[in-house]
Chemist: 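Structure incoming, see below.
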Amino acid sequence: MTAPPSSPAFSARPRLTIDLNAVAANWRFYAERLAPAGAEASAVVKADGYGLGAVAVARRLQRAGCRVFWVANAEEGAALRPALGPGPRIFVLGGPTPEELGLFAPFGLSPVLNARWQVEAWAGARPEGDDRGAALHVDTGLNRLGLTAGEVEGLLAEPALLARCGVDHVMSHLACSAEPDHPMNAAQRGRFEALWAKLAPRLAGRPAGAFGLTRSLAASAGALLGPAYAYDIARIGVGLYGGAPLNTGGPDLAVSIRLEAPILQVRPLAPGDHVGYGATYEAKSPRLAGVVAAGYADGFLRAGSGRGYGVLAGRRAPILGRISMDLITLDVTEAGDAARVGALVELLGPAAGLEEPSRLAGSFAYEVLTRLGPRCVRRVIGELA
Ligand SMILES: *Cc1c(COP(=O)(O)O)cnc(C)c1O
């Protein structure tokens, strides 16, 4: 039971498996969901592809048919362009900043113009004859990035300025799309339509560039709100990686990562024994504890202490006491013979899930994915050669 492994050598590092076949399957789910509305699924690969690796994710999705990608800043776009070749569109969500302006032309990046100052900066910097286009981001209620309705009016009064920007995409972003019945959804959609009605006549006559004049409003959740929210393009992020887009449940997307850690020690606990820093767990009955080699330094959030679980041999193994930097102690009593040194416990993945462990740590899939740490041994499945 507590014997050292007679089995092959194992490393004390956690393993992170990234399944690009799952990412591609999730992209196809969205592409098929959007197609009847005449919309296409684009891929949001900011923050290094939500932590999975933007280049590998984007190359795989390009092969699957994805033509439009979104990153947070120009450096992320510059890192992506050589991997994708000249064809796909890469939008930079943060827009052109003075320091990054020089990256847009050489790397063929399309800016998202989020504020009046970015409109002016881009109008001044855009190369003559540039046909990569730009997105105009209008705010419809999120009050994060995007021009206000008043700023859009101001821009309409300056047709020359607008023309110099080469805008061929108009976008906005929903605040409450994870809740399909939230009144903000329809309210934002209504404002988007009203702004579009004013902008479209000013944009339609422009040299359309290679991509035509398009709109986007939905992200992973909005794309599930029905055809009225699909527009031409949906910007799919967390759903690609298997995070649940809606608070109301469904659809069943494929979890694209698996975080596993080996058991370093198995120890019996007697009633009254405590576990971990602060001695926050006390055994009430004889238990078997498995100590695994992963901790908050690997991105497994400490807030899941005493609440989360791992999965060993198909059984849930509750976290006992506090998660520490490099170690987590689990109750592996139910796992029987599988509870042995060297055995791998799944902490996130197809068996443990992604949403539930994230929620038990007071967070959500977005944060957990983007925090998974560099100490993990990474293995990628389904990567293009
Ligand atoms: C991050 C982001 C997305 C993707 O959102 P998900 O909920 O992950 O699908 C889409 N649009 C904008 C503007 C974003 O910032």
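Positions are given from 1, in the same order as the sequence printed here. Every number for a ligand or one of its atoms is a count from 1 in the order of the listing.
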Chemist: Hey, would you say the Tyr366 and Tyr241 ring centroids sit under 6.0 Å apart?
Modeler: no

Chemist: Counting only heavy atoms closer than 4.0 Å, does ligand 1 sit against the backbone of Val44, its side chain, both, or neither?
Modeler: side chain

Chemist: Enumerate the atoms of ligand 1 whose separation from the nearest heavy atom of Tyr50 is less than 4.0 angstrom.
Modeler: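 Close to Tyr50: 1 (C), 4 (C), 5 (O), 6 (P), 8 (O).
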
Chemist: Classify the angle between the aromatic ring planes of Trp70 and Phe91 as parallel (below 30°), tilted (30 to 60°) or perpendicular (above 60°).
Modeler: parallel

Chemist: Using a 6.0 Å cut-off, check whether atom CZ of Arg63 has over 12 heavy atoms from anything other than its own residue.
Modeler: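 No.
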
Chemist: List every atom of ligand 1 that sits less than 4.0 Å from any heavy atom of Ala219, numbering the atoms from 1 in the order shown and giving each element.
Modeler: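 That gives atoms 4 (C), 5 (O), 6 (P), 7 (O), 9 (O), 10 (C) of ligand 1.
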
Chemist: Once you restrict to heavy atoms under 4.0 Å, what part of His137 touches ligand 1? Side chain, backbone, both or neither.
Modeler: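 The answer is neither.
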
Chemist: Atoms of ligand 1 less than 4.0 Å from Val238 heavy atoms?
Modeler: 6 (P), 8 (O), 9 (O)

Chemist: Among all protein heavy atoms, pick the one closest to atom 12 (C) of ligand 1 and tell me residue, atom and distance.
Modeler: His173 CE1, 3.4 Å

Chemist: Which bit of Arg235 gets closer than 4.0 Å to ligand 1, counting heavy atoms only: side chain, backbone, both or neither?
Modeler: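 Contact part for Arg235 vs ligand 1: both backbone and side chain.
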
Chemist: Are the side chain of Arg81 and the backbone of Gly108 linked by a donor-acceptor contact shorter than 3.5 Å?
Modeler: yes

Chemist: Tell me the protein heavy atom at minimum distance from atom 9 (O) of ligand 1, and give that distance in Å.
Modeler: Ser220 OG, 2.5 Å

Chemist: Considering non-hydrogen atoms only, spot the tightest contact between Leu213 and Asp232 and give its length.
Modeler: O-OD2, 4.3 Å

Chemist: Report, as yes or no, whether the 6.0 Å neighbourhood of atom CZ on Arg116 holds more than 12 heavy atoms from other residues, nucleotides or ligands.
Modeler: yes

Chemist: Of the protein's non-hydrogen atoms, which lies at the shortest distance from atom 15 (O) of ligand 1, and what is that distance?
Modeler: Lys46 NZ, 2.8 Å

Chemist: Please confirm whether the backbone N or O of Ala352 pairs with a side-chain atom of Glu346, one donor and one acceptor, at under 3.5 Å?
Modeler: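 Checked: pair present.
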
Chemist: With heavy atoms only and a cut-off of under 4.0 Å, state how Leu93 meets ligand 1: side chain, backbone, both or neither.
Modeler: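 Side chain only.
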
Chemist: Looking at Phe211, I'd like to know if the NZ or CZ of Arg89 sits under 6.0 Å from its six-membered ring centre while staying within 45 degrees of the ring's axis.
Modeler: yes

Chemist: Strictly under 4.0 Å, does any heavy atom of Trp70 approach an atom of ligand 1?
Modeler: no

Chemist: In terms of atom number and element, which parts of ligand 1 are under 4.0 angstrom from non-hydrogen atoms of Tyr366?
Modeler: 6 (P), 7 (O), 8 (O)

